[in-house]
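In what follows, a single structure is set out as structure tokens and then discussed.
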Amino acid sequence: MDEKYTVGQYLVDRLHELGLLHLFSVAGDYSIEWVTDYVEKSGIQVIEEVNELNAGYAADGYARLKGIGALCVTYSAGALCATNAIAGAFVERVPVVLINGAPSIKKTLTFDQTGYSAHHFISGRETDRQVFEYITAAAVRIDSPHLAPMLIDYALTQCITQRRPVYIELLEDMVDLECQPPSNALSAASVLSDQDSLTQTIGQIGERLKQAANPLLWIGVEIDRFGLRDKAEKLIQQLQIPYVTELLSKATLSENDAQFAGVFDGQSSSPSVQELMKNSDFVLALGVWLTDINDLGWPIDFEKTAFASFETFKYGAVFNAQVSLADLLDGLLEKNLTCARQDLPQEIPPNPARGNLSEEVTYQGFYDFIRYYIDGNTIVGSDASLNYFGSMLLKIAAPRGFVIQSSYSAIGYIGPAATGVCLAKEASQRVMVFSGDGGFQMTAQCLSTQTRFGLNPIIFVIDNGVYGVEQWLADASVFQAEKPFRNSCILHRWNYSKLADVFGCQGWEVHTYGELKDAVLGGLENLSSPSIIQVVVPSHSIPDNAMWKQN
């Protein structure tokens, strides 16, 4: 007699079909049966996390490379801890699946009708789903085995179509109930273009590219999120004009490309990129999102900048709705456009590394130094901190080799995200991330999970004793005048390198460039656990490209 096919197996099979090989999980009695009886017996490895927030960030980092990420938690007390991670994935369009183990129908009805509460209940059966429906592309409750296949397929299809997180509430008594197995493989739904809008947009862009004396491409984050890297590369090669990225899309394509000019991030961009943006008479922004972190202090000229993003085209007074970015790229490639050739502006070489190894490390000096240890097999990540500035000017050769959450900008993201990146990367690649000390204090337990599973990211904690980026946003003049920091920005100092003793990994504390060199070489040699390198810098030290802000 054939073994019955169940709801729990259906969910596992669909996730595995989409490419999921690791599930981040925190044990909970409403979810443990599914994890133990189904996930652990499948081709998906369970990564037992230390808390739900870290699990969410890890799933986010994993999904950015793998195309799908997932975490499993328990009702309310677990799931609501993950809301910040899911909100960040929603804003930045990262396909993460949150599976929330929920109380049975019997427990729910008992609570609804009598008030007798099962643990973790707040106000009934809809609480968690209602919270997550605002920050997911789909929020479904699996309370019927007959509807389970349809609801699971709907949620997962929305996840891979919109590239946004989804919420699946899996009741504990549904897991072992019988349902129909999958019949067809899931695939993302096509984004439909209005043919008139698409044709007009292709014609308008083509005409402007022909007329422009100094055209420029601005490659945005949607090129990565929607799998359009190959088409974008072909267009760049066809047009033979320079291109820049935004901080969100840094290293979407290899930065070794001859036509790559740099990252445009307003006044924090390199002088050569600022010059290029200023002198260009037509900028085609493909998949670019405008945020206050991506155009720092720079007034965007909307009369010369055309934006194709959010399924629309916007250029001056022109607005064309329902334009698929994929269709637009196809249409531009078919036209086989040619443009006025433009040489890249002369790039100012970066500062040389400090020659005196006994010198005290500064924020800028750290980035001048570390660039020598980043190669084509390095994946770099940066947390929401002053590290945004230093890291944006690093040369990243690996395509998709830079991980950042610069739109939502939750501090503490990059440490646990490195857990997911390590599991999703190629075997030959190495992960190197930069965190502020304030952010790292929020999610330092990531070292525990990384040590447990033998992962080996190198985590640099830039220890300046303050919430530097918060002070910079509020009053940047403090750093140049060496005035007192706001009290709310001053941290309790940790001895970060000693956390290695707590979690069982390796750690270094460095004050000079000589100590930094030894620590970096030691971290690169350590293949069996994370390496935490505490880089102590003066509290008023900031990267050079953050010094433009005076107040």
Side-chain angles (χ1 to χ4, degrees), residues 7-26 28 30-32 34-35 38-40 42-49 52-75 78-102 128-129 131-142 148-171 174-175 182 185-189 225 416-417 419-421 423-424:
V7 172
Q9 190 62 50
Y10 192 100
L11 181 54
V12 166
D13 288 347
R14 281 306 204 195
L15 290 169
H16 195 260
E17 171 196 311
L18 293 177
L20 191 79
L21 298 178
H22 300 86
L23 174 83
F24 302 92
S25 180
V26 178
Y30 294 138
S31 57
I32 200 167
W34 178 67
V35 172
Y38 292 94
V39 183
E40 289 183 357
S42 72
I44 300 172
Q45 182 183 3
V46 177
I47 305 296
E48 291 86 1
E49 265 289 2
E52 291 81 7
L53 179 62
N54 279 20
Y57 287 152
D60 178 297
Y62 185 91
R64 289 176 190 243
L65 270 65
K66 204 74 174 173
I68 190 80
L71 66 154
C72 181
V73 297
T74 199
Y75 198 70
L80 298 182
C81 291
T83 52
N84 201 40
I86 298 301
F90 182 81
V91 169
E92 303 224 343
R93 301 195 82 138
V94 182
V96 172
V97 183
L98 172 62
I99 298 108
N100 187 13
D128 284 21
R129 189 191 63 79
V131 167
F132 282 100
E133 71 180 359
Y134 293 101
I135 52 175
T136 58
V140 300
R141 187 171 191 265
I142 310 301
M150 178 185 69
L151 291 171
I152 291 169
D153 285 359
Y154 165 71
L156 294 180
T157 301
Q158 288 290 82
C159 183
I160 61 176
T161 298
Q162 296 194 36
R163 315 306 289 172
R164 277 189 160 138
V166 295
Y167 170 86
I168 298 176
E169 191 169 293
L170 181 63
L171 272 63
M174 293 294 111
V175 174
L186 296 179
S187 60
R225 295 295 191 268
T419 305
V421 173
L423 291 164

For the pair Val12 and Trp34, evaluate side chain to side chain contact (heavy atoms under 4.5 Å, CB included) and give the outcome as yes or no after the intermediate values. CA-CA 9 Å; Val12 166; Trp34 178 67; 3.7 Å; yes
Taking C-beta and beyond as the side chain, do Val131 and Tyr167 meet within less than 4.5 Å on heavy atoms? no
Contacts of Gln9 that satisfy side chain to side chain donor-acceptor pair (under 3.5 Å) - sequence neighbours left out: Asp13
Pro95 to Gly67 - nearest heavy-atom pair and separation: CG-O, 3.2 Å
Looking at side-chain heavy atoms only, is the closest gap between Leu170 and Val7 below 4.5 Å? yes
Suppose we screen for side-chain contact (heavy atoms from CB on, under 4.5 Å). Which residues come up paired with Leu65, at least two apart in sequence or across chains? Ile379, Val403, Val421, Ala424, Lys425
If we only count heavy atoms from C-beta on, is the Lys66 to Leu21 side-chain gap below 4.5 Å? yes
Identify, with sequence neighbours excluded, every residue that meets ring-ring contact (aromatic ring centres under 6.0 Å, His included) alongside Phe24. Tyr62
Gln158 versus Ala137, closest heavy-atom pair with distance: NE2-O, 3.8 Å
Any donor-acceptor pair under 3.5 Å from Arg164 side chain to Phe90 backbone: yes
Are side-chain heavy atoms of Leu23 and Ile99 found at a separation under 4.5 Å? yes
Sequence-distant partners of Arg141, salt bridge (charged side-chain N to carboxylate O under 4.0 Å, His left out), two or more places apart: Asp143, Glu169
Between the side chain of Glu52 and the main-chain N/O of Val26, is any donor-acceptor distance below 3.5 Å? no
Between CG of Leu156 and CG of Leu15, what distance do you get to the nearest 0.5 Å? 5.5 Å
Would you find a donor on one side and an acceptor on the other, under 3.5 Å apart, between the side chain of Thr83 and the backbone of Leu80? yes
Does any part of the side chain of Ile68, heavy atoms only, come nearer than 4.5 Å to the side chain of Cys159, both counted from C-beta? yes
Residues two or more places apart in sequence or in another chain: which of them pass side-chain contact (heavy atoms from CB on, under 4.5 Å) with Ala189? Thr161
Are Val35 and Glu40 side-chain neighbours, meaning at least one heavy-atom pair lies under 4.5 Å? yes
Measuring from Leu98:CG to Cys72:SG, what's the distance to the nearest 0.5 Å? 8.0 Å
Taking side chain to side chain donor-acceptor pair (under 3.5 Å) as the test, write out the residues that go with Glu92, two or more places apart. Arg64
Holding to side chain to side chain donor-acceptor pair (under 3.5 Å), I want the full list of residues that pass it with Glu133, two or more places apart in sequence or in another chain. Arg129
By side-chain contact (heavy atoms from CB on, under 4.5 Å), which residues pair with Ala89, not counting sequence neighbours? Asp60, Val94, Val96, Pro165
Can you list the residues that meet the salt bridge (charged side-chain N to carboxylate O under 4.0 Å, His left out) rule with Asp153, with sequence neighbours excluded? Arg14
Under the side-chain contact (heavy atoms from CB on, under 4.5 Å) test, which residues partner Ala85, sequence neighbours left out? Leu53, Tyr57
Which residues pass the salt bridge (charged side-chain N to carboxylate O under 4.0 Å, His left out) test with Glu49, sequence neighbours left out? none
